[in-house]
Enquirer: 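I have a structure I would like to understand better, so I am pasting it below and will then ask my questions one at a time.
Small disclaimer: the values here were computed from a predicted structure and weren't measured. One is the number of the first residue; the rest follow in order along the sequence.
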Amino acid sequence: MYLKHGSPVKMMESYIAVLTKGICQSEENGSFLSKDFDARKAYLAGSIKDIVSQFGMETVILHTALMLKKRIVVYHPKIEAVQEFTRTLPALVWHRQDWTILHSYVHLNADELEALQMCPGYIAGFVDLEVSSRPDLYDVFVNLADSEITIAPLAKEAMTMGKLHKEIGQLIVQSAEDPEKSDSQVIQDISLKTREILSNLAPFSEVSGDGEKLVLNFELLKQRRFPPATENFLYHLAAAEQMLNI
């Protein structure tokens, strides 16, 4: 198009047409339709079943960290392994449809780390093992090469596991190990459980003073007398969902 018109204006017109109408037409290449390229297919490119096969019940640590919008660092010496693994993780919290938390290849240099640390929660991939000695960068560290998951000391209180987490972990493993189920069906099973957990917050929520959003009534939550680990998790989940009155 640039060779034909000698101006970037025509190129920009096509770009804006895709952005606003989802369509771009050209004489040489026919029509491009955004709806022919469903973003969700890209989201499903990785395999949840492979992750569960590698980490088993410990997958629930990753699910919990993502639910609470914690900082996850993934290490493997091969960038391909890091990228394939990290791009799959946001599917564990499918209800958010948020792949912007993904930083699949980060270097240990000041500029990149400064940009990373400005993000409230993220999944960051590294090929340098030195990152394991930087607990200021993560709440959960995944050594993909050794199949090990470590929770940083400062994150242990928020990440305390209880009966609820055991139930979630068993559901994830059971679904992923079913040979009849595809990755998308496993994601659907996890998503249904996730929505069930989020609905648990509804009875303890009330409209904020300004009437703009739902906030957690912590006293109501305490009166329900959940096991300590469940109450703790629901409180931190409310914080992640911006339901605390600050």
Enquirer: Which is it for V18 and S34 under the side chain to side chain contact (heavy atoms under 4.5 Å, CB included) test, yes or no, and what are the steps along the way?
Expert: CA-CA 7 Å; V18 172; S34 292; 3.7 Å; yes
Enquirer: Check V82 against G125 and note the closest heavy-atom contact, atom names and distance.
Expert: CG1-CA, 3.4 Å
Enquirer: Count the heavy atoms of every other residue, nucleotide or ligand shown that sit under 6.0 Å from CZ of F226, and state whether that count exceeds 12.
Expert: yes
Enquirer: Considering all heavy atoms of both residues, which atom of H103 and which atom of C119 are nearest to each other, and what is their separation?
Expert: NE2-SG, 3.7 Å
Enquirer: If you count the non-hydrogen atoms of other residues, nucleotides and ligands that lie under 6.0 Å from CG in L192, is the total more than 12?
Expert: yes
Enquirer: Would you find a donor on one side and an acceptor on the other, under 3.5 Å apart, between the side chain of D139 and the backbone of R71?
Expert: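 Checked: pair present.
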Enquirer: Which value, rounded to the nearest 0.5 Å, describes the distance between M243 atom CE and L216 atom CG?
Expert: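 That separation rounds to 6.0 Å.
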Enquirer: Please report the shortest heavy-atom distance between T86 and S104, naming the atom on each side.
Expert: OG1-CB, 3.4 Å
Enquirer: Using a strict 4.0 Å threshold on nitrogen-to-oxygen distance, state whether R224 and E219 make a salt bridge.
Expert: no
Enquirer: For the NE2 atom of H76 and the CG atom of L129, what is their distance to the nearest 0.5 Å?
Expert: 11.5 Å
Enquirer: Strictly distance-based, threshold 3.5 Å: is any side-chain N or O of H236 a donor or acceptor partner for the main-chain N or O of N232?
Expert: yes
Enquirer: Do D183 and K49 meet the salt-bridge criterion of a basic N to acidic O distance under 4.0 Å?
Expert: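 Salt bridge between K49 and D183, a charged N being under 4.0 Å from a carboxylate O: no.
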Enquirer: Give a yes or no answer on whether the side chain of S175 reaches the backbone of I172 with a donor-acceptor pair at less than 3.5 Å.
Expert: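 No, S175 side chain to I172 backbone: no donor-acceptor pair under 3.5 Å.
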Enquirer: For H165 and F233, I'd like to know if the aromatic rings sit close, meaning centre-to-centre distance below 6.0 Å.
Expert: yes
Enquirer: I'd like to know if the side chain of Q185 and the backbone of S182 have a donor-acceptor N/O pair within less than 3.5 Å.
Expert: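 Indeed, once roles are kept as given, a pair shorter than 3.5 Å links the two residues.
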Enquirer: Does Y138 belong to the same Ile/Leu/Val/Met/Phe/Trp/Tyr cluster as L102, with side-chain heavy atoms less than 4.5 Å apart forming each link?
Expert: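 In one cluster: no.
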Enquirer: Measure the CG-OG distance between N200 and S205 for me, rounded to the nearest 0.5 Å.
Expert: 10.5 Å
Enquirer: Is any side-chain heavy atom of W94 closer than 4.5 Å to one of Q97?
Expert: yes
Enquirer: Using the side chain to side chain contact (heavy atoms under 4.5 Å, CB included) rule, take L92 and M67 through it: C-alpha gap first, then chi angles, then the decisive distance, then the call.
Expert: CA-CA 9 Å; L92 285 169; M67 286 285 282; over 6 Å; no
Enquirer: Backbone N or O of A240 within a donor-acceptor pair of the K69 side chain at under 3.5 Å?
Expert: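 Here the side-chain-to-backbone pair exists.
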Enquirer: Between H63 and T194, do the side chains contain a donor N or O and an acceptor N or O under 3.5 Å apart?
Expert: yes
Enquirer: Is it the case that the side chain of Q54 and the backbone of L144 share a donor-acceptor pair, with hydrogens and angles ignored and the cut-off at 3.5 Å?
Expert: yes
Enquirer: Is any NZ, NE, NH1 or NH2 atom of the basic residue among E167 and K193 found under 4.0 Å from an Asp or Glu carboxylate oxygen of the other?
Expert: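 Yes, charged N to carboxylate O under 4.0 Å.
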Enquirer: Rounded to the nearest 0.5 Å, what separation is found between the CD1 atom of I123 and the CD1 atom of I101?
Expert: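 Answer rounded to 0.5 Å: 3.5 Å.
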Enquirer: Over 60° means perpendicular and under 30° means parallel, so tell me whether Y75 and F141 are parallel, tilted or perpendicular.
Expert: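 Answer is parallel, since the angle falls under 30°.
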Enquirer: Quick one: closest heavy-atom pair of M57 and V173, and the distance?
Expert: N-CG2, 3.8 Å
Enquirer: Do V142 and F126 sit in the same hydrophobic cluster, where Ile, Leu, Val, Met, Phe, Trp and Tyr count as joined when their side-chain heavy atoms come under 4.5 Å apart?
Expert: no
Enquirer: Without swapping roles, check the side chain of D146 against the backbone of E148 for a donor-acceptor pair under 3.5 Å.
Expert: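 No; judged by distance alone, with no hydrogens or angles, the pair does not exist.
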Enquirer: May I ask you to check whether over 12 heavy atoms, not counting those of Q174, lie within 6.0 Å of atom CD?
Expert: no
Enquirer: Counting distance only, does the side-chain N/O of E112 pair as donor-acceptor with the main-chain N or O of H107 below 3.5 Å?
Expert: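 Flag set: sc E112 to bb H107 pair under 3.5 Å.
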Enquirer: For residues E58 and I61, determine if any side-chain heavy atom of one lies less than 4.5 Å from a side-chain heavy atom of the other.
Expert: yes
Enquirer: In terms of hydrophobic clusters joined by side-chain contacts under 4.5 Å, are L137 and V74 together?
Expert: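 Different clusters: L137 never reaches V74 through Ile, Leu, Val, Met, Phe, Trp or Tyr contacts under 4.5 Å.
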Enquirer: Distance from M161 atom CE to T230 atom OG1, nearest 0.5 Å?
Expert: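 If we round to the nearest 0.5 Å, M161:CE and T230:OG1 are 11.5 Å apart.
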Enquirer: Looking at every non-hydrogen atom in both residues, tell me the closest pair between T59 and V52 and how far apart they are.
Expert: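 Reported closest heavy-atom pair: OG1-CA, 3.7 Å.
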Enquirer: Between the side chain of S191 and the main-chain N/O of Q188, is any donor-acceptor distance below 3.5 Å?
Expert: no
Enquirer: Heavy-atom count check: over 12 atoms from other residues, nucleotides or ligands less than 6.0 Å from Q242 CD?
Expert: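 Not more than 12 within 6.0 Å, no.
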Enquirer: For residues F37 and F32, establish whether the separation of their ring centroids is below 6.0 Å.
Expert: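 Centroid separation for F37 and F32: below 6.0 Å.
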Enquirer: Contact between M1 and S14 at the side-chain level, heavy atoms closer than 4.5 Å - yes or no?
Expert: yes
Enquirer: Any side-chain heavy-atom pair from V127 and K78 closer than 4.5 angstrom?
Expert: no
Enquirer: Using side chain to side chain contact (heavy atoms under 4.5 Å, CB included), reason through L108 and L113 one step at a time and then give a plain yes or no.
Expert: CA-CA 7 Å; L108 285 171; L113 295 184; 4.0 Å; yes
Enquirer: For the residue pair Y122 and L116, establish whether any side-chain heavy-atom pair is separated by less than 4.5 Å.
Expert: yes
Enquirer: Kindly say whether E84 contributes a backbone atom to a donor-acceptor pair with the side chain of T88 at under 3.5 angstrom?
Expert: yes
Enquirer: Side-chain heavy atoms nearer than 4.5 Å, only ILVMFWY residues, links allowed to pass through others: does that put V73 and F55 together?
Expert: no
Enquirer: Rounded at 0.5 Å granularity, tell me how far NZ in K70 sits from CG in L154.
Expert: 10.0 Å
Enquirer: Linking I/L/V/M/F/W/Y whenever their side-chain heavy atoms sit closer than 4.5 Å, directly or via other members, would L220 and I197 fall into one cluster?
Expert: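 Yes; I197 is reachable from L220 via cluster members.
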Enquirer: Let's go through L68 and T64 carefully: what are the C-alpha distance in whole Å and the side-chain angles of both, what is the deciding distance for side chain to side chain contact (heavy atoms under 4.5 Å, CB included) to 0.1 Å, and is it a yes or a no?
Expert: CA-CA 6 Å; L68 301 183; T64 303; 4.0 Å; yes
Enquirer: Would you say L62 and I51 make side-chain contact, with heavy atoms under 4.5 Å?
Expert: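 The answer is yes; the side chains approach within 4.5 Å.
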Enquirer: Minimum heavy-atom separation for E206 and N217, please, with both atom names.
Expert: OE1-ND2, 3.1 Å
